[in-house]
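Below, chains carry the letters A, B, ... as their sequence lines are ordered, and counting in each starts from 1.
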There are 2 protein chains.
Amino acid sequence: MLLGYASPVASDSYHHGNLRTSLLEAAVATVAERGPQALVLRDLARQVGVSHNAAYRHFADRDELVTEVAAIAMERLVATLHERLERVSTDDPVLRARQRLAEIGRGYVEFAVAETGLFRLAFASTATVATAGTSASRDPLALLATCLDELVAVGFLSPEARVDAEATCWSGVHGFSMLHIDGALSSADDAERDAALDGLLVAIDRSYGASTGTPTEPGDIVSTGKG
Amino acid sequence: MLLGYASPVASDSYHHGNLRTSLLEAAVATVAERGPQALVLRDLARQVGVSHNAAYRHFADRDELVTEVAAIAMERLVATLHERLERVSTDDPVLRARQRLAEIGRGYVEFAVAETGLFRLAFASTATVATAGTSASRDPLALLATCLDELVAVGFLSPEARVDAEATCWSGVHGFSMLHIDGALSSADDAERDAALDGLLVAIDRSYGASTGTPTEPGDIVSTGKG
DNA sequence: TCCTCATGTTGACACTGGCTACTTTGGAGG
DNA sequence: CCTCCAAAGTAGCCAGTGTCAACATGAGGA
């Protein structure tokens, strides 16, 4: 789907005609279902119905394929974040900025929970990803920065508190995601998780409001994009 | 060190006499240096100077050993947190409670950065750890809960905000740790990291103060246990 | 029509790493 | 002193997995 192709030529002839894309698709599916460590070249070949090591005509080695899959994973994360951002419909500029920050957080956690394998891969070795998908890998951070800038622009977040806000917000939702997919808090059901996430987002909102002395109410933020 | 043993008997005879403990020690060292995936039975045996598979006299399989190492890792984390908590010397009850929460956060990140491998293992598969080291694995959470209860008791944190506070605080420091050891934010040097961590802790402190309308200053928290 | 070469196939190699049999050693109890 | 058995050793199986080398195929251009 996200790879944007349509089975172009011969599909069962000697020459697959679309192997590279098919391999990536199978890889994405595998990672999504069984995690990054399940990414085995021979398995991919089997899934696509091709001999083992046919992949070597399209990827120098396993790493190259993994890197590309990681880039795709990052793209999907960014896409999820964008979708969430567009759900905010309020006109009030302050409320809008606050809700957009909350939505980006919900999108992040939503992706982590729904696409655990891809999420893990995307952050497994940023060294690798950063080398290849430089622009894509920084997009989540850029998106977050935009939201935070908006909060400053509307006077909700103070410039001093703005300084470390990226790290703070990102840490919050990233840690929340990891603890919920990796154990520790993974015993929570969906409702508990959503409630706890609201708690986190409200805490951040309250903190940033307090940085400029702006009073906040949980209801300002938790009623929006539910579901 | 933490294993609390002292090479008891013969050390180079046919019977090692201390293999189990030695293996665990080597395993901890290996994980600390090269990460959880470097935990290979044959390597451990080599390090200890014993034949491969001698380990099977003391551990049913690899998983059992890994689980025990994970438990040790968790113990060390808890020990680090305790050390940090005891650094707080203020008498003012409110300030004390606030600083204790901040210190527990610093301890968490300190451990993650200093003992990256052990930190990863401790949280790699809590399912495994939770089965064996039930009490130990919950200690970090219990410690955090105690600090938060103190904050409520002294009137700094509101009971409503207390509800999801464990998840919020833990998420913050856990995510901060992961992003710094795993890439994404790992390019930051020590000074940058410390500054960003202060930013996170101040944000949490400000949020919780705001929950009861208590004004806060960054200086209340950032001057304490530096280093 | 025929050649070429990108694309796939077959087969094997190297290596890792968990695990199993079976054997050997030597400390401790009788 | 002798015997037993926990503890360690030796040897090797086996499955998985990345990778290389040599060969096969067939679509498209000359």
Side-chain angles (χ1 to χ4, degrees), chain A residues 3 5 7-27 29-31 33-70 117 121 124-125 128 132, chain B residues 3 5 7-31 33-70 117 121 124-125 128:
Chain A
L3 292 177
Y5 73 98
S7 188
V9 291
S11 51
D12 58 39
S13 64
Y14 191 96
H15 288 80
H16 185 286
N18 206 20
L19 227 202
R20 183 186 175 87
T21 309
S22 296
L23 283 172
L24 283 175
E25 200 190 30
T30 299
V31 172
E33 285 167 26
R34 296 170 16 227
Q37 87 295 337
L39 214 49
V40 174
L41 288 185
R42 292 171 115 99
D43 280 351
L44 292 182
R46 256 189 294 273
Q47 285 179 50
V48 176
V50 133
S51 75
H52 69 269
N53 99 341
Y56 285 92
R57 293 291 162 197
H58 303 276
F59 302 93
D61 54 18
R62 183 178 180 279
D63 247 32
E64 192 173 302
L65 190 148
V66 170
T67 302
E68 294 211 20
V69 177
L121 180 58
S125 57
T128 313
Chain B
L3 292 177
Y5 73 97
S7 188
V9 291
S11 52
D12 57 40
S13 64
Y14 191 94
H15 288 79
H16 185 286
N18 206 21
L19 227 203
R20 182 185 176 85
T21 308
S22 296
L23 283 172
L24 282 176
E25 201 190 31
V28 168
T30 299
V31 171
E33 285 166 26
R34 298 174 11 231
Q37 87 297 336
L39 215 49
V40 174
L41 289 185
R42 291 170 117 100
D43 281 351
L44 292 183
R46 254 189 296 273
Q47 285 179 49
V48 176
V50 131
S51 75
H52 68 267
N53 98 341
Y56 286 93
R57 290 287 158 195
H58 303 277
F59 303 93
D61 54 17
R62 184 178 180 277
D63 247 31
E64 192 172 305
L65 189 148
V66 170
T67 301
E68 294 211 19
V69 176
L121 180 58
S125 56
T128 312

Rounded to the nearest Å, what distance is computed from the [atom1] atom of residue [X] to the [atom2] atom of nucleotide [N]?
X: A:Q47; N: D:dT17; atom1: CD; atom2: P; value: 13 Å
X: A:E64; N: D:dT19; atom1: CD; atom2: P; value: 11 Å
X: A:L65; N: D:dT17; atom1: CG; atom2: P; value: 15 Å
X: A:L44; N: D:dT19; atom1: CG; atom2: P; value: 13 Å
X: A:F59; N: C:dT7; atom1: CZ; atom2: C1'; value: 14 Å

Per-nucleotide protein contact along nucleotides 10-20 of chain C, 5' to 3', at a 4.0 Å heavy-atom cut-off (B base, S sugar-phosphate only, - neither), is BBB----BBBB
Contacts of type side-chain hydrogen bond (donor to acceptor under 3.5 Å, both in side chains), residue [X], not counting sequence neighbours:
X: A:R46; value: A:D43
X: A:Q47; value: A:T30
X: A:R42; value: none

Could you list the donor-acceptor pairs under 3.5 angstrom formed by side chains in residues 49-60 of chain A, with sequence neighbours left out?
none

Base of D:dA8 paired with side chain of B:R57 (donor-acceptor, under 3.5 Å): yes
With sequence neighbours left out, write down each residue that passes salt bridge (charged side-chain N to carboxylate O under 4.0 Å, His left out) with B:R62, or none if nothing qualifies. none
Should A:V66 and A:L121 be marked as a side chain to side chain contact (heavy atoms under 4.5 Å, CB included) after you check the CA-CA gap, both sets of side-chain angles, and the distance that decides it? CA-CA 9 Å; A:V66 170; A:L121 180 58; 3.9 Å; yes
